[in-house]
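Worksheet: the structure to be examined is printed underneath.
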Amino acid sequence: NVSNSNYLPLFYFNVFFACVSFSIIMPSLSPYLERCGAGDPTYLAWVVCIYSIGEMVGSLLFGALYNHAVLRSRTQGPRLVLCVVVLTGIAGSVMYLLG
């Protein structure tokens, strides 16, 4: 039986990364949109709304994937899903940086 404490460091890293990326993206979103030619405050409100909806959908998707992985393999499944989540977050941050 695998203890949940084996996955806590990776989980904490994921939560830390999500909070850091949120605190970096939100303040830089308005100048980024102005640079892209979409500086309207209404457009910014829609982008922030869609960002939050995207986080909700992603949380549901990766939560369901995590539950499925636990049912398939209690030893390797959760760690694999958490690694995929972390790598997806890093890829998204790199795309934002390059955009």
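Note that these values count all heavy atoms, side chains included, but never hydrogens, waters or copies made by symmetry.
Under the 4.5 Å side-chain heavy-atom criterion for ILVMFWY residues, a single connected hydrophobic cluster contains both Met26 and Val47. Side-chain heavy atoms closer than 4.5 Å link hydrophobic residues (I, L, V, M, F, W, Y) into clusters, and following such links, possibly through other members, connects Val85 to Val70. Hydrophobic clustering (ILVMFWY, side-chain heavy atoms < 4.5 Å, transitive): Tyr12 and Val15 are in one cluster. In the hydrophobic cluster analysis, where Ile, Leu, Val, Met, Phe, Trp and Tyr join through side-chain heavy atoms closer than 4.5 angstrom, Val20 is grouped apart from Ile25.
Listed by chain and residue number, nothing satisfies the side-chain contact (heavy atoms from CB on, under 4.5 Å) test with Ser59 (two or more places apart in sequence, or in another chain). Applying the side-chain contact (heavy atoms from CB on, under 4.5 Å) rule to Glu55 yields the partners Phe22, Tyr51; only residues at least two apart in sequence or on another chain are considered. Every side-chain contact (heavy atoms from CB on, under 4.5 Å) that Val57 has, sequence neighbours left out, goes to Ile53.
Interatomic distance, CD1 of Ile90 versus CG of Leu97, reported as 13.0 Å (0.5 Å rounding). Note that the CG atom of Leu29 and the CD1 atom of Ile24 stand 13.0 Å from one another [nearest 0.5 Å]. Note that OH of Tyr43 is 12.5 Å distant from OG of Ser30, once rounded to the nearest 0.5 Å. Residue Leu61 holds its CG atom at 12.0 Å from CE of Met56, rounded to the nearest 0.5 Å.
The minimum heavy-atom distance linking Ser28 with Pro31 is given by the pair O-CD, 3.5 Å. Closest heavy-atom contact between Leu33 and Leu44: CD1-CD1, 3.6 Å. In terms of heavy atoms, Phe62 sits closest to Thr88 at CZ-OG1, 4.0 Å.
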